[in-house]
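In what follows, a single structure is set out as structure tokens and then discussed.
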Protein chains: 2
Amino acid sequence: MTETGRVRAVEASGLLADSIRASGLKVTGPRLAVLRVLDQAPHSTAERLYATVRAELPGTSLQAVYGVLAAFTGAGIARKIEPAGSPALFERRVGDNHHHIVCTRCSAVHDVDCAVGESPCLTPSNTSGFTVQTAEVTYWGLCPDCQTSTLTALSTPAPLSNEGAQ
Amino acid sequence: MTETGRVRAVEASGLLADSIRASGLKVTGPRLAVLRVLDQAPHSTAERLYATVRAELPGTSLQAVYGVLAAFTGAGIARKIEPAGSPALFERRVGDNHHHIVCTRCSAVHDVDCAVGESPCLTPSNTSGFTVQTAEVTYWGLCPDCQTSTLTALSTPAPLSNEGAQ
DNA sequence: CAGTTGTTTTGAATTACTCAAAACAATTGG
DNA sequence: CCAATTGTTTTGAGTAATTCAAAACAACTG
């Protein structure tokens, strides 16, 4: 039998478990594992989370990871972001509507606090009659590493994989 | 033989043809057709463009449409946008970095001019060392139609299809 | 109008994700 | 602490959107 199964007593209590329980979800092995990894590696893809989770909980399936992520985002304890050209990324930081900056070369992602308090970037000029609920901002540019390695223009190509993303 | 083939003399000149030629691309039937449809229906998916293009140029393949769109975006005469949860959308309006507002209920898309000139929303507070090239803003909310039909809460569900998108 | 280059067709493959049924485990309450 | 209930995960399959590659073909060049 694999490591999938009953949640270890040690893990039934703790901050991660509390966070899951508090949102009205059952505490399970896959959920604890996904939440822990998400904490260590924000802006991870489902696939990447799966790879890491498997290391500590080998019986876990990819579909379970998708299920866990859907439950988490539905319950509001995780957030899904979908930058153009990238598979969906997930993060624990929720509630504040922060934004993201994505490296156009290596796809690394960092958080960016809302530029100007809240107002200007949340208030479009012409809404065409739309009721605005949220404003999502994605900055695109070069990360520090790629700035230097682009000058030294010999290096490796790494477009749009999630390698090195954080 | 299908309508695919040599570009009709009538169409070899004209604004659309000029725009294609000016960007260094050859003028072809599928390109003229895609560009014309894109003009009439901005924020269309490849699939939707394909459906419309086929009506006037039956031999056209879906892959050709993808190829045309890749050529156009590469040449800078079309822009690709990828709102979360939606297939890619295309538009002719390029050069100005305008933004978009997407209806969370019916996925209709409208253009939004940059909120505050250019500066505030292009200047994130903490760039983490990134060099910012562009800022992409997506507003989410309810379009006029969905505002009313949500009040009259009996109506049809239409989440995330491109129906009614403009 | 022939040659060259670039484009489109045809056919297949891939990525990221979703769906459904059955097996199974976490909570509830006896 | 055990049984019932409810919710979760596994297993297996399917789908949407997009990409890749080779061969056929058409647009521009001289």
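Since the structure is predicted, the reported quantities are computational estimates derived from the model, not experimental observations. Throughout, protein chains are lettered first and strands after them, A, B, ... in sequence-line order, and every chain is numbered starting at 1.
Residues Asp111(A) and His99(A) have side chains not in contact (no heavy-atom distance under 4.5 Å, counting atoms from C-beta outward). Residues Glu91(A) and Ser44(A) are not in side-chain contact: their nearest non-hydrogen atoms beyond the backbone lie 4.5 Å or more apart. Proximity of Tyr139(A) to Val112(A): side-chain heavy atoms (C-beta onward) are separated by under 4.5 Å at one or more points. Within the 4.5 Å cutoff, the side chain of Leu35(B) has heavy atoms near those of the Ile20(B) side chain.
Overall, the helix from dC1(C)-dG30(D) to dG30(C)-dC1(D) carries an axis bend of 40° between its ends, with five pairs at each end and the value rounded to 10°.
Residue Leu25(B) is in sugar-phosphate contact alone, with no base atom involved, counting any heavy-atom pair closer than 4.0 Å across all strands shown. Note on Thr28(B): only backbone sugar-phosphate atoms sit closer than 4.0 angstrom, heavy atoms only; bases stay farther off. Residue-level contact check: Ala88(A) touches the backbone only, with heavy atoms under 4.0 Å from sugar-phosphate atoms and none from bases.
Rounded to whole Å, atom P of dA26(D) lies 18 Å from atom CD1 of Ile20(B). Between the CG atom of Leu57(B) and the C1' atom of dT9(C) there is a distance of 13 Å, given to the nearest Å. Atom CG in Leu62(B) sits roughly 19 Å away from atom P in dT14(C) (whole-Å rounding). Note: CG (Leu89(B)) to P (dA17(D)) measures 11 Å, nearest angstrom. Per the geometry, CG belonging to Leu32(A) stands 16 Å off P belonging to dA25(C), to the nearest Å. Separating the CG atom of Leu69(A) from the P atom of dT8(D) is a distance of 14 Å, rounded to the nearest angstrom.
Taking the six-membered ring for Trp, His43(B) and His110(B) have ring centres at least 6.0 Å apart.
Each of Val27(B) and Gly24(A) lies near DNA chain D, and the nucleotide nearest Gly24(A) is the one positioned closer to the 5' end. Along DNA chain C, the nucleotide nearest Glu47(A) and the nucleotide nearest Arg21(A) are compared for position; the residue whose nucleotide lies closer to the 5' end is Glu47(A).
The main-chain N or O of Gly129(A) is found under 3.5 Å from a side-chain atom of Gln147(B) such that the two form a donor-acceptor pair. Judged purely by atom type and a 3.5 angstrom limit, Asp39(A) has no side-chain atom pairing as donor or acceptor with the backbone of Arg92(A). Glu82(A) places a side-chain N or O within donor-acceptor distance of the main-chain N or O of Gly85(B), the cut-off being under 3.5 Å. Although no hydrogens or angles enter the test, the distance criterion places a donor-acceptor pair under 3.5 Å between the side chain of Thr73(B) and the main chain of Leu69(B).
Shown for residues 74-83 of chain A: no residue has heavy atoms falling under 4.0 angstrom of DNA chain D.
Phosphate contact (OP1/OP2 of dT8(C), side-chain N/O of Arg31(B), threshold under 4.0 Å): present.
Annotation: salt bridge (Lys or Arg N to Asp or Glu O under 4.0 Å) contacts of Arg54(B) (sequence neighbours excluded): none.
Of all nucleotides listed (dT10(C), dT9(D), dG12(D)), dT10(C) comes nearest to the side chain of Gln63(B). With dT10(D), dT9(C), dG7(D) as the choices, the nucleotide that has an atom nearest any side-chain atom of Lys26(A) turns out to be dG7(D). Distance from the side chain of Tyr66(B) is smallest to dA17(D) among dA17(D), dT10(D), dG7(D).
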